[in-house]
Amino acid sequence: MYLVVSIYNFCYFLFQTYIMTEHLRISGMYWGLTALDITHNLHKIDKEEVLSFIKQCQHECGGIGASILHDPHLLHTLSAIQILCYYKALDTINVEKVVEYIKNRQKDDGSFEGDKWGEIDTRFSFCAIASLALLNRLNEVNIEKAVSFIKSCMNFDGGFGSKPGSESHAGLIYCCLGTLSITGHLHIVKADELGWWLAERQLPSGGLNGRPEKLPDVCYSWWVLASLKILGRLNWINTNKMINFILYCQDAETGGFSDRPGDMVDPFHTLFGLSALSLLGYTKADLKTINPTYCMPQYIMDEMNLKPDRLDLVEKTDHLKGWAGIEED
Ligand SMILES: [Zn+2]
C-alpha cells in the first residue's frame with residue numbers, strides 16, 4: 001500500500017490548505033501534528049510558528065479558542081495543550097489561567113460545560129480531565145463528582161452516551177472510558193457487556209460503525225479500538241479485516257484517509273486511520289506506538305510519566321472462546 005510514501009505529501013497539503021478551515025484550526029493542527037509525529041515527520045513543521053499561533057489563541061479568561069479571536073472552548077483547549085506537550089512547551093500559555101478556566105467549567109453534578117454557554121456533554125468531561133492530567137493539575141477539580149457523572153451516563157448495554165439517558169455511542173464511550181482511565185476508575189465499567197457491544201460494531205467489510213445500523217467509518221475504528229484496548233479486549237475484533245478496511249480508505253494520490261473507501265480525505269480521518277493501524281500493530285509502516293487514552297504518541301506519555309489505567313488482563317471466560325476463532329477466518 002501507499003502508506004509511507006504519501007503520508008508526508010498529505011500532511012504538507014494539510015498544513016498549506018486544509019486547516020484554513022478556521023473554526024477547527026487548533027484541532028486540525030493537533031490531528032496533523034499527531035499524524036506527522038507517529039510517522040516520524042514532526043520536525044518538518046516550524047515549531048515556533050505553531051507555538052506563536054497557540055499563544056495568540058489563549059484568552060484573558062485562560063481558555064483557548066479554535067483560532068485567533070475565536071471564543072474559547074474545552075475542545076480547543078485540550079488540542080492546544082496536547083500540541084504543547086509534543087514540543088515540551090507548556091509555558092507558551094498561561095497555565096494558571098487555563099487551569100482556572102477548566103475548573104470553572106465543572107458543574108455541581110460533576111459534569112463539565114464545553115464553554116461559558118453551558119452545553120453539557122461527556123466529551124467535555126474528557127477534555128477537562130485529559131487537559132488537567134497533561135498539566136499535572138488533576139487535583140484542581142472534584143474527581144469523585146466527575147466520575148459519578150460519567151457513571152450516571154452508563155446504559156444497560158454497558159455503553160455510555162453524552163448525558164444521562166442518552167443512547168450509547170462509540171465516540172462518547174471512548175470519552176467516558178478515557179476519563180475513567182485517567183482518574184483510575186475503570187473498575188466501575190461492565191467490561192464484558194461493553195466489550196461485546198464494541199466488538200459488535202465490526203461489519204462484514206471489516207470496518208466499524210459507531211452505533212447499530214450505521215455505516216462503517218475510519219474515525220470509529222479509533223474510538224472503538226482505543227476503547228477495546230483500554231478494556232484489554234482488542235482481540236475481540238478481526239484485526240486483519242480491520243486493517244484492510246482502513247488501508248482501502250487511503251487515497252493513492254494525496255496519501256490521506258477518508259471515512260470510508262472512495263470518499264474525500266481529510267486530516268481527521270487520516271489521524272484516526274493511522275492511530276488505529278498503530279494500535280493494531282500494523283508492521284508494514286513504521287508507525288510510532290499510540291496511547292489509547294490520550295491519542296498521543298506513547299513516548300510523550302512516557303516522558304511525562306503519565307500512566308492512564310488499562311484493563312489489560314483479559315479474563316478468559318468460556319463464553320469468549322467462540323470469539324477467539326474470528327481471528328483465523
Ligand atoms: Zn468519521
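Hydrogens, waters and symmetry mates are skipped; everything else that's a heavy atom, side chains included, is used. Every number for a ligand or one of its atoms is a count from 1 in the order of the listing. We number each residue from 1, following the sequence as shown. Predicted model, so just to flag it, every value in this text is computed and none were measured.
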(message) Taking atom CG as the centre, does Asp108 end up with more than 12 heavy-atom neighbours from other residues, nucleotides or ligands that are less than 6.0 angstrom away?
(response) no

(message) Short of 2.8 Å from the Zn ion (ligand 1), name each protein N/O/S atom, waters not counted.
(response) Asp217 OD1, Asp217 OD2, Cys219 SG, His269 NE2

(message) Would you compute the distance between atom CG of Asp309 and atom CD1 of Ile182 and round it to the nearest 0.5 angstrom?
(response) 10.0 Å

Who are the side-chain contact (heavy atoms from CB on, under 4.5 Å) partners of [X], not counting sequence neighbours?
{"X": "Asn139", "answer": "Arg137"}
{"X": "Lys116", "answer": "Arg105"}
{"X": "Glu167", "answer": "Arg211"}

(request) State, yes or no, whether a side-chain contact exists between Ile243 and Leu247 at a heavy-atom distance under 4.5 Å. (result) yes

